[in-house]
A.B. asks: 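Here's a structure for you.
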Amino acid sequence: MLHDSQKLSMNPEFMQDQYNHKTIEPNAQQYWADNKSFQVSEDTNKEKFYCLSMFPYPSGKLHMGHVRNYTIGDVISRFQRMQGKNVLQPMGWDAFGLPAENAAIKHNVPPAQWTDENIADMRVQLNQMGLAYDWTRELATCKPDYYRWEQWFFTKLYEKGLVYRKKSTVNWDPVDQTVLANEQVVDGRGWRSGALVEQKEISQWFLKITAYADELIDEVKKLQGWPQRVRTMQVNWVGRSEGVEIKFEVEADFQTLEVFTTRPDTLMGVTYLAVAAQHPLALSVAENNAELAAFIQACKHTKVSEADMATIEKKGYPTGIMAIHPLTGERVPVWVANFVLMSYGSGAVMSVPAHDQRDWEFSKLYGLEIKQVIRPSNQNTVDTATAAFTDKGILINSGEFNGQNSYDAFDTIAEKLAIQKKGNKTINYRLRDWGVSRQRYWGCPIPIIHCDDCGPVAVPEKDLPVKLPEQVVFDETGGSPIKQMPEFYETTCPSCGKAARRETDTFDTFFESSWYYARYTCADNDDGMLDERANYWLPVDQYIGGIEHAVLHLLYSRFFHKLMRDEGLVESDEPYKNLLTQGMVLADTYYRDNEKGGKDWINPQDVKTKTDDKGRVIEAISTLDGKTVISAGMSKMSKSKNNGVDPKYLIEKYGADTLRLFSIFAAPPNQSMEWSDSGVEGAQRFIKRLWRLATQNINNHIRTDTDNLSDSLRALRRKIHQTLQKVTDDMGERFAFNTAIAANMELLNELSKLHDKSDAAQAVLKEGIETIVLMLSPIIPHMGHELWIKLGHQKAIIDEAWPKVDTQALVQNNIEMIVQVNGKVRGKIQVNVNADDESIKILAQNNENVQRFIENTTIRKIIVVKGRLVNIVAN
RNA sequence: GCCGGGGUGGCGGAAUCGGUAGACGCGUUGGAUUCAAAAUCCAGUUCUGGAAACGGAGUGAGGGUUCAAGUCCCUCCCUCGGCACCA
C-alpha cells in the first residue's frame, strides 16, 4: 500500500518539490549562521540603522506576543538591510524579576538556575523563528558583567545628589512579614497568606526624575517618530501644572498647612481642608482621640495604587482642629480623608465643594458647607446644591475679587497672597520621584553600605560589582534570602572602616531595562559602562514593543538616557528616534461554571464550534467530553484564561514562515490581533501557492523587450510595479505589513491567472514571481532564501537589494472614473488621462444610467475630481 | 475615578489627503476533480427587493458641516490599555 503522499509524488504533475518547512527552514538558518549574516560592526561608509525590539522576560516559553513583536522588528530590520543600511538588531534578557522567585518557592530551584535554563530554551525558540539577531551582543541583566555598570552609575548619581532616601509606603503582609507587589495583593489580601494587607512606611531610595520633568515634557515635541497617543500620555504623566501654594495657619499649634491648587480663583469658596491619614497633624490629634486613631488605622487597609485610591469609597473624619482662611480669616475645619495621599505634595488639600466634584461629594456625605464663588461667564445659572460647577467663570461672593474672571483672579489672588507672604505661584508636577528600592531578592543589589557613624556610603568603584549570592534557599513566605544572610550583609564601612551593614534592597527591574538599549552597542566592554560605539549606533532608529509600556518603561529610559548624557556617556538627548507600539495578541476564551461558583477555563484548542450556513457560530463544544461550553469572547492570551497558543507547536506544524506571515497579516501592528487557527492555515495556503507558482517557473530564464508588450501583458506588468510601489510605501513608511501582504496576494492571484505561454508572457511572469519573492523575503525569509536559489541566483537573497519601481511601467493611457448624481454612484466612464474637465463632464452626462437620474431635473453644478470621480448636482 | 486608544459584513481587517465602503484573508454556499475523502481549482457571498438589468438601506447611537462623511465637529453608549512594586 502506498500512502497518499507517495501517490501524489509519483504523479508527474507533482514531481516538483513539495513545500517542506522542515528542511527549508533549518537550511536557511544554517546558511545565516555559517556566514555570520547578522553580525555587524561600525561602518561609517553605510547609513546605520539600529532596530530594537523590547527584550523579553525569560519565562521559558515564547508566547504569541513575543512572536508578533519580534517578527515586526525582524521584518523592519531585513527591509532596511535591503535598502543598503548597516543594520543592528540585538537580543537579550530582562532577567531579574518576581516570577523567578515564585518559581523558586514553588519548585525549589534557585532563581539564577531557573533563569539560565529558561534563557537557553528561549534562545533556541527565537532562532527557530529565523530572527536576524546579532547574538554576539547578547546580554542578560542578571549577570554581574551587566549590572555592575548600573551599580557604578548609581554611585555617580549619588555623588551628584540625584539620589536620596526617604520614607514611603509599601504593601505589607503582616503574616508573611514581607513587602508585596501590587499584583500580589488580591482583594486587599496577601496572595499567599490571605492576610489583610497593611500600608507600611519604610526608607527607600529615590531618583530625582522630577529634576528632569521639564526636559522630559519639552523634548516630547522632538519625538516626531513616536505615536501621538504615546507622546500625549508621556506629557500627561509628567503633568506640569501652574498653580499656587497656599499657607493655612492652624489654630491649635500655630503650625501651617501648605496646600497646592491650580484654582486659586476658587480660594474664597474653601469650606474645609483635608489631610492624609498619615499626616503628622492627624497623627498628633489621634494620640488623644481613639475614634480618629481607629479611622487612621482603617485607612491603612487599602492598596497603595492610584487606581484603588481614586475608586475607594470616600471617607473622612473631623480632627476638631480649625485652620484660618488666609484671606478672610474665617475658621475652616480640618478633616482627615482616606483619598488624600501623604506621598503627593504636602499631604494636604484645600476643599472647594462648589467647584470640585470630589470635594462636592465629600461635603454632601458629611454635611459640610458648599459656598459658590464662581458663576458661568454667560447668562446661565447653576445650582451648586445639585452638582459642582467646575468650569472657569466670573467670581462672586469673593469680596474685593467679585466680577473678575477666573484667569484674572488667578493672578490677583496669587499676588495678594504673595504680598501677605501666605502663598506663591509655583509649578507642580504630577510626576513623582522614582522609587527604585525593592525589598526582593532577585534583583540588582543597591551598592550602598550603612554605617552607624557615616550614614549611607556608596560602595567604592574598586569594590564593584556587589554580587548577588546565587546559591540561596527560599522559604514559603517569599521573603528575600539575602536579608537573612550575614555573609552577604555584614561588611565594613568604606570610609571609616568600622563594622557596617550592606543594603539588602535591590533595584526596581525598570532600572535594568532603562539602559540595555545602549549596552548592546558595546556589550563586551569590561572597562566601562559604554564606549564610543554607543555614539555610532544611538539613538535607536526603530524601537518596537507593547503599548502597555507607553508610559513607565519609556519614561524611565528617556530619563536614564539624559542622566547618561549628563555623565558624558552618550551624546544624544533621546534614546529612541522612532517608536512602534504593537497591540496585544488576543484569543477566544471558553469556560464552564464549576461547583465552587468559579469558572473552569477551557483551552480553545479543545473547543469545536458549530456554525449555521452563513458561518455564524451557534454552539461551542468541548472535544474532550462533547458537551457545550460558554464563549466569553476575545481576551489577551494568558495563563489565567487558559487561552494561550504555544508557538513551539505551531512552528513544528506549519513552520516559522507561516507563523511570521500570519502574525503580521492578521492586523496592523499597532492594533490588537485576534488569534485564529484557520487564519494560520490560510497563511500556509498562500505560502504553498507561491511556492508552487515559483517552482513551476524555475527553468524560465526568458528576458524580453518590455516596450512591445500586448495591452494585457502591459497591464499585468503595470500591476507588478504598482504593487512594488505600494509595498515599498507600506513597509518602509507606514508599517502596514498587513496591506503589503494583501497586495502581494492580489498580485499572485493575477499572475496565477496567466495562461499565455508566449516568451513575452513568460518573461513578465518571471519578473512578477521574482518581485514577489524579494518583497516578501523580509517576512518569510526562509522560503525567500530557498526560492531565490531555485530561481537560479548565485547571490543569497539576504544580500540582495530591494527591487526598483520601473516608472515607465506605471504609465496609463485611459483611466476609469465614476459618475455620481447627488453623491450616489450611477455609472462609470473611461477617460483619457489627458482629457480636460469639459469633455469629462460631457462624457459623464452621456452615460446611459446617469441619464435616467438627471432627466427632468436641472443641473446645478458638476464637480470633477481629477482621476477619481464626477459628481453631478441636480434637482 | 483619572489619562490614552478602539467600535466597519458571519469573522480578522481594507479604504494612505473629505471622493466607488467592504481590498486581501478566514468562514460559508454551489460546482470541478476523486470510488470516497483530504488537498487543489473555479464561481457566489454586507443586508434587502429582483430571474437579471437595476434599485433601497448601511461603517456603535443621535445630531451637525459639505456637492460629497467610515474619515471633520458636538452629545452619548460600549469596550480595551495604563495608573508609579507584573514586566
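These numbers come from a predicted model, not from an experiment.
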A.B. asks: Using only side-chain N and O atoms of Asn749(A), determine if any of them is under 4.0 Å from OP1 or OP2 of rG25(B).
C.D. replies: yes
A.B. asks: If you measure from the C1' atom in rU33(B) to the same atom in rA39(B), how many Å do you get, rounded?
C.D. replies: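 Rounded to whole Å, the distance is 11 Å.
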A.B. asks: Using the P atom in both, what is the distance from rU28(B) to rU16(B), to the nearest Å?
C.D. replies: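 To the nearest whole Å, 31 Å.
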A.B. asks: Looking only at atom P, what distance separates rG7(B) and rG12(B), rounded to whole Å?
C.D. replies: 11 Å
A.B. asks: Between rG70(B) and rG63(B), how far apart are the two P atoms, rounded to whole Å?
C.D. replies: 15 Å
A.B. asks: With sugar-phosphate meaning primed atoms plus P, OP1 and OP2, does Tyr57(A) contact a base, only sugar-phosphate, or nothing at under 4.0 Å between heavy atoms?
C.D. replies: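 Sugar-phosphate, no base atom in range.
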A.B. asks: Considering only atom P, compute the distance from rG9(B) to rG4(B) and round it to an integer number of Å.
C.D. replies: 27 Å
A.B. asks: Looking at Lys688(A), I want to see if its NZ is surrounded by more than 12 non-hydrogen atoms of other residues, nucleotides or ligands under 6.0 Å.
C.D. replies: no
A.B. asks: As a test of reading the structure: which of rC26(B), rC86(B), rA68(B) is closest to the side chain of Ala181(A), going by heavy atoms?
C.D. replies: rC86(B)
A.B. asks: Hey, which sits more toward the 5' end of RNA chain B by its nearest nucleotide, Met673(A) or Val865(A)?
C.D. replies: Met673(A)
A.B. asks: Strictly below 4.0 Å: does Asn738(A) bring a side-chain N or O up to OP1 or OP2 of rA14(B)?
C.D. replies: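 The answer is yes; a side-chain N or O of Asn738(A) sits under 4.0 Å from OP1 or OP2.
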A.B. asks: Side-chain N or O of Arg689(A) less than 4.0 angstrom from OP1 or OP2 on rC24(B)?
C.D. replies: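 Answer is no, no contact under 4.0 Å.
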A.B. asks: Quick one: classify the glycosidic conformation of rC73(B) as syn or anti, with syn meaning within 90° of 0.
C.D. replies: anti
A.B. asks: Using a heavy-atom cut-off of under 4.0 Å over every strand shown, decide if Gln820(A) touches base, sugar-phosphate, or nothing.
C.D. replies: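 If one applies the 4.0 Å heavy-atom cut-off, Gln820(A) turns out to touch a base.
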A.B. asks: Return the nearest nucleotide to the side chain of Ala307(A); candidates are rG1(B), rG13(B), rU16(B).
C.D. replies: rG1(B)
A.B. asks: If you measure from the Lys or Arg side-chain nitrogens to the Asp or Glu carboxylate oxygens, is any gap between Glu746(A) and Lys726(A) under 4.0 Å?
C.D. replies: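 So Glu746(A) does not pair with Lys726(A) through a salt bridge.
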A.B. asks: Does the plane of the ring in His63(A) sit parallel, tilted or perpendicular to the ring in His66(A)? Use 30° and 60° as the thresholds.
C.D. replies: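 Taking His66(A) first and then His63(A), their aromatic rings lie parallel (interplane angle under 30°).
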A.B. asks: Going by a 90° cut-off around 0, is rG64(B) syn or anti?
C.D. replies: anti
A.B. asks: When you measure from the side-chain N and O atoms of Asn236(A) to the phosphate of rG4(B), is any distance below 4.0 Å, counting only OP1 and OP2?
C.D. replies: yes
A.B. asks: Return no unless some side-chain N or O of Ser305(A) is found under 4.0 Å from OP1 or OP2 of rC83(B).
C.D. replies: no
A.B. asks: Would you tell me if any nitrogen or oxygen in the side chain of Lys824(A) comes within less than 4.0 Å of OP1 or OP2 on rA57(B)?
C.D. replies: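 Result: yes.
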A.B. asks: Scan Glu361(A) against the nucleic acid and name what it touches under 4.0 Å (heavy atoms): base, sugar-phosphate only, or nothing.
C.D. replies: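 If one applies the 4.0 Å heavy-atom cut-off, Glu361(A) turns out to touch nothing in the nucleic acid.
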A.B. asks: Would you mind reading off the distance between Met634(A) atom CE and rC80(B) atom P, rounded to a whole angstrom?
C.D. replies: 14 Å
A.B. asks: Can you check the Gln234(A) CD to rA84(B) C1' distance for me, whole Å?
C.D. replies: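 In whole Å, rA84(B) C1' and Gln234(A) CD are 13 Å from each other.
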A.B. asks: Could Arg189(A) and Asp173(A) be called an ion pair, given the rule that one side-chain N must be under 4.0 Å from one carboxylate O?
C.D. replies: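 Looking at Arg189(A) and Asp173(A), the cut-off is not met.
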A.B. asks: What's the CD1-C1' distance between Ile664(A) and rC24(B), to the nearest Å?
C.D. replies: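 Result: 14 Å.
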A.B. asks: What nucleotide, of rA14(B), rG55(B), rU40(B), holds the atom closest to the side chain of Arg692(A)?
C.D. replies: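 Nearest to the side-chain atoms of Arg692(A), counting from C-beta on, is rU40(B).
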A.B. asks: Describe the nucleic acid contact of Phe853(A) in one word from base, sugar-phosphate, nothing, applying a heavy-atom distance below 4.0 Å.
C.D. replies: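 Sugar-phosphate only.
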A.B. asks: Round to a whole Å and report the spacing from CE of Met817(A) to P of rU20(B).
C.D. replies: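 Nearest whole value for this atom pair: 12 Å.
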A.B. asks: If you measure from the C1' atom in rU8(B) to the same atom in rA14(B), how many Å do you get, rounded?
C.D. replies: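 After rounding to an integer number of Å, I get 10 Å for this pair.
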A.B. asks: With rounding to whole Å, what would you report as the distance between rC76(B) and rG81(B) at their P atoms?
C.D. replies: 24 Å
A.B. asks: What is the distance from CG of Asp308(A) to P of rC2(B), rounded to the nearest Å?
C.D. replies: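 Between P of rC2(B) and CG of Asp308(A): 16 Å.
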A.B. asks: Given rG4(B), rG55(B), rG13(B), identify the nucleotide with an atom nearest to the side chain of Gln671(A).
C.D. replies: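 The answer is rG13(B).
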A.B. asks: Could you state the atom-to-atom distance from CD of Gln184(A) to P of rA87(B) in whole Å?
C.D. replies: 9 Å
A.B. asks: Between rG22(B) and rU45(B), how far apart are the P atoms? Round to whole Å, please.
C.D. replies: 12 Å
A.B. asks: Whole-Å distance between rG4(B) P and Arg430(A) CZ?
C.D. replies: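 One finds 11 Å between P of rG4(B) and CZ of Arg430(A), rounded.
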A.B. asks: Nearest-Å distance, CD1 (Ile741(A)) to C1' (rA14(B))?
C.D. replies: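 Roughly 14 Å, once rounded to whole Å.
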A.B. asks: Counting the atoms with a prime plus P, OP1 and OP2 as sugar-phosphate, which does Arg852(A) contact under 4.0 Å by heavy atoms, base, sugar-phosphate, or nothing?
C.D. replies: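 Arg852(A): backbone/sugar contact only, no base atoms under 4.0 Å.
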A.B. asks: Quick check on ring-ring contact (aromatic ring centres under 6.0 Å, His included): which of Phe510(A), Phe511(A), Tyr516(A) does Phe560(A) satisfy it with?
C.D. replies: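 Answer after filtering Phe510(A), Phe511(A), Tyr516(A): Phe511(A).
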A.B. asks: Is there a donor-acceptor contact under 3.5 Å from the side chain of Trp442(A) to the main chain of Ala95(A)?
C.D. replies: yes
A.B. asks: Once pairs are restricted to Watson-Crick or G-U wobble with both distances under 3.5 Å, how does RNA chain B read as a dot-bracket string, [ ] for crossings and | for other-strand pairs?
C.D. replies: (((((((..(((......[....)))((((((.......))))))((((....))))..(((((..]....))))))))))))....
